[in-house]
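When reading the values below, keep in mind they use all heavy atoms of this one structure, side chains included, and skip hydrogens, waters and symmetry mates. As the structure is a computational prediction, the values presented were derived from the model and not from experiment.
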Amino acid sequence: MKYDAAKDIMWIPTKNGLFFCRGGSLKVQSVSSITNDSTLISDPVFDVLPFDADHIWIASGLKFVKLNTRSGAVEKYIIPKRINNTVNDEQFSYIKCMWLDKNQTLWLGTWRNGLIGYNTINKKFSQYFFNDATTNTVYDIKQLKSDDQDDLLYLSTFGNGFCTFNTTAGKFKSYKSPYTADNSGIRGDTYSMHTDTQGSALWIGSESGLHKLDRARQLFKSIDLSSLANGSDLLPVNAIAIEKSATGKDENIWIKIPDKGTYICNLANGSILPTPSRLAKYIENAFDFFSLFIDSKNRLWINNNKYGLICYDIETDKIVVPENRFFVEKTEWVNTFFEDKRGVMWFGARNGLFFWDETAKTVVAVQHVNMKLKNENLAMAVEGITEDAFNCLWYTTGFSNKKNACIGKYDYLKNTSEIIFNEIRDKGILSRPADFGDIAITANKKIFVSDNNNGLLWFSVSAPNPVLKKAADNSALNTNEVGSVIAGNNNNIWCNTNFG
């Protein structure tokens, strides 16, 4: 059954035609009171899809019908015997379910003939199958209002269980699992689905029970890199950068894989794209550089340990900062990149803090910071950079065996700086030598710092005398080895450890 909120009607598909109830009434009426079309009055009806104030789509056998509920006018469509060079067996083509997406494509889930798309604008059909030709039954199709991927359909299927289908790429992904208690999949086949009133969560009925998919809390979407592996194991991706796009969506992501090289993954269709040829010698050996960064102007920044700082303009396909000009020597290599809210690029290097002068097209040392570090005998290598709401950069330094790491603050408008934590001065606060890495700030003015020896640390920016503390003990994070930290919404902090 389908409830049509716009018309306050409950539609009831049956083997003997379509019926309905109006306005909460228990009186069941035949669709014959709306139309005299014999197909809808007496033939089996499998699904109903309300889609505007006057119309509904109806699935009946091999046909799908558009009914004007005011006038009773009917438009009938039949699944062609041949779509995309595929011959459809009529006994397996009847329609089980329907969904209309924002591009006005009507998606038809069939019995053993896969997923069929009908573009209601250009009147063209397309058809998609799973790999196994015997398991192409789709029981139900849904989308979520809160989903950031408006080209993603959720499918309940026979043989492949709970699946997603990317309408842009034309690809399925199955989440069928052999396990009962699997948070990343569902055991067995799935049947009906239902969205909550906000359209943010999806309830799924399966042969193993009832399940809830909450996209707002789903953390991971994987990218298939098997085409790069050539049958061997890949080392983990250890650097990523995301291109800016005209749509505002993530489309191309650059990834660095040790012992393999650098690649571009197109998120829309899942393809692996080659990197520009003029960048080849800088990125083909992924051991020759440490990190990737793409700024708001869509420029790719890397620091290669043979050629120094390189900047490549993705839009114009030009090298805008040529090799062997900046950060070439081992003592100068860049550890981290950061872009502030004005669009200024900052470089955390082994010999201090620097920024890019857009007018002069050159790197400029932040002498106020670098001289303070040098004069106080503190570690010079800047490992992490973040920015608060008051035009101040916060940074960590380390990469030293002298136990002289620090956390500093630099006001780039006033050109003033101060050291907040000094490992030489502030002894006894940390149980192990500091090994600072990333740094992030939350909306409630708390600074979080990753430390590979002491775990996740924090202090309050607004405190008159900030004191560095442990954010959680070992029992909470399971480890002291914390790498990256990112500030999320609602004052959350996300971090990665050696356990995940």
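The heavy-atom pair separating D438 from S450 by the smallest distance is N-OG, 2.8 Å. Taking each heavy atom of L273 and S271 in turn, the nearest pair found is CD2-OG, 3.6 Å. Nearest heavy-atom pair across K244 and I294 is NZ-O, 3.0 Å. The minimum heavy-atom distance linking F338 with L393 is given by the pair CE2-CD2, 3.9 Å. Across A405 and L378, no two heavy atoms sit closer than the pair O-CD2, 4.4 Å. For the residue pair P433 and K403, the shortest heavy atom distance occurs at CG-CE, 3.9 Å.
Checked by atom type and distance alone, the side chain of T396 pairs as donor or acceptor with a backbone atom of G384 at under 3.5 Å. Side-chain atoms of D140 do not come within 3.5 Å of backbone N or O of S156 as any donor-acceptor pair. Side chain of N136 to backbone of N113: no donor-acceptor contact under 3.5 angstrom is found. One N or O on the side chain of K470 and one on the backbone of N454 form a donor-acceptor pair closer than 3.5 Å. The backbone N or O of E243 sits nowhere less than 3.5 Å from a side-chain atom of E251 that would complete a donor-acceptor pair. Remark: the backbone N or O of V328 is paired with a side-chain donor or acceptor of W333 at under 3.5 angstrom. With N335 contributing its side chain and E383 its backbone, the two residues share no donor-acceptor pair below 3.5 Å. With hydrogens and angles ignored, the 3.5 Å screen pairs a side-chain donor or acceptor of N303 with a backbone N or O of G308. Between the side chain of T442 and the backbone N or O of A487 there is no donor-acceptor pair closer than 3.5 Å.
Between the side chains of W394 and D388, at least one donor N or O sits under 3.5 Å from an acceptor N or O. A donor atom on one side chain and an acceptor atom on the other are not found under 3.5 Å apart for N103 and T105. N298 and E315 are linked by a side-chain donor-acceptor pair at a separation below 3.5 angstrom, with hydrogens and angles left out of the test.
Atom CZ of F399 has 12 or fewer neighbouring heavy atoms from other residues, nucleotides or ligands inside a 6.0 Å radius. Heavy atoms from other residues, nucleotides or ligands lying under 6.0 Å from NZ of K123 number more than 12.
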Can you list, pair by pair, the side-chain donor-acceptor contacts under 3.5 Å of residues 343-352, counting residues two or more places apart and other chains?
from	atom 1	to	atom 2	distance (Å)
W346	NE1	D340	OD2	3.0
R350	NH1	K330	O	3.2

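Side-chain contact between K176 and N160 is absent, with no heavy-atom pair separated by less than 4.5 Å. Inter-residue side-chain proximity for Y395 and V369 is flagged as met; some heavy-atom pair is nearer than 4.5 Å. The shortest distance between side-chain heavy atoms of D411 and E418 does not fall below 4.5 Å. Within the 4.5 Å cutoff, side-chain heavy atoms of L413 are placed close to those of R342. Annotation: side chain of L279 is not in contact with side chain of T262 (no heavy-atom distance under 4.5 Å). With contacts defined as side-chain heavy-atom distances shorter than 4.5 Å, the pair Y154/I204 does not qualify. F355 has its side chain within reach of V366: a pair of non-hydrogen atoms, C-beta onward, lies under 4.5 Å apart. I314 is not listed as a side-chain neighbour of N252, based on a closest heavy-atom distance of 4.5 Å or more.
Using a 30° and 60° split on the angle between ring planes, F421 and F436 fall in the perpendicular class, above 60°. Using cut-offs of 30° and 60° for the angle between ring planes, the F165 and F172 rings count as tilted. Using cut-offs of 30° and 60° on the angle between ring planes, the pair Y128 and W107 is tilted.
Between the CG atom of D295 and the CG atom of D313 there is a distance of 8.5 Å, given to the nearest 0.5 Å. The CG atom of L373 sits 5.0 Å away from atom SG of C406, with the distance rounded to the nearest 0.5 Å. Rounding to the nearest 0.5 Å places NZ of K66 at 10.0 Å from CG of D54. Distance CG/L155 to CH2/W99: 11.5 Å, rounded to 0.5 Å. To the nearest 0.5 Å, the span separating CG on N422 from OG1 on T397 amounts to 9.0 Å. In this structure, CG in L300 is found 8.5 Å from CD1 in I264, a value given to the nearest 0.5 Å.
Judged as a side chain to side chain donor-acceptor pair (under 3.5 Å), and not counting sequence neighbours, the contacts of H368 are S417. Under the rule for a side chain to side chain donor-acceptor pair (under 3.5 Å), the partners of D317 that lie at least two apart in sequence or sit in another chain are R278, Y312. Taking Y412 as the reference, E387 meet the side chain to side chain donor-acceptor pair (under 3.5 Å) condition, with sequence neighbours excluded. Checked against salt bridge (Lys or Arg N to Asp or Glu O under 4.0 Å), K361 has the following partners two or more places apart in sequence or in another chain: E358. The side chain to side chain contact (heavy atoms under 4.5 Å, CB included) check on K402 picks up S400, N404, with sequence neighbours excluded.
With ring centers used as reference points, Y282 lies under 6.0 Å from Y307. Aromatic rings from F327 and F354 are positioned such that their centres are separated by under 6.0 Å.
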Can you check side-chain contact (heavy atoms from CB on, under 4.5 Å) on K281 and E323, steps first, answer last?
CA-CA 11 Å; K281 74 175 182 178; E323 64 185 65; 2.8 Å; yes
Start with the C-alpha distance between V449 and V485, add both sets of side-chain angles, then the distance that settles side-chain contact (heavy atoms from CB on, under 4.5 Å), and finish with yes or no.
CA-CA 7 Å; V449 176; V485 291; over 6 Å; no
Take V363 and W356, measure what side-chain contact (heavy atoms from CB on, under 4.5 Å) needs, and give me the verdict at the end.
CA-CA 5 Å; V363 168; W356 179 251; 3.8 Å; yes
Carefully, step by step, assess N415 and Y410 under the rule side chain to side chain donor-acceptor pair (under 3.5 Å).
CA-CA 7 Å; N415 193 30; Y410 174 63; 2.7 Å; yes
Check the pair F326 / V334 against side-chain contact (heavy atoms from CB on, under 4.5 Å), numbers first and verdict last.
CA-CA 10 Å; F326 310 107; V334 174; over 6 Å; no
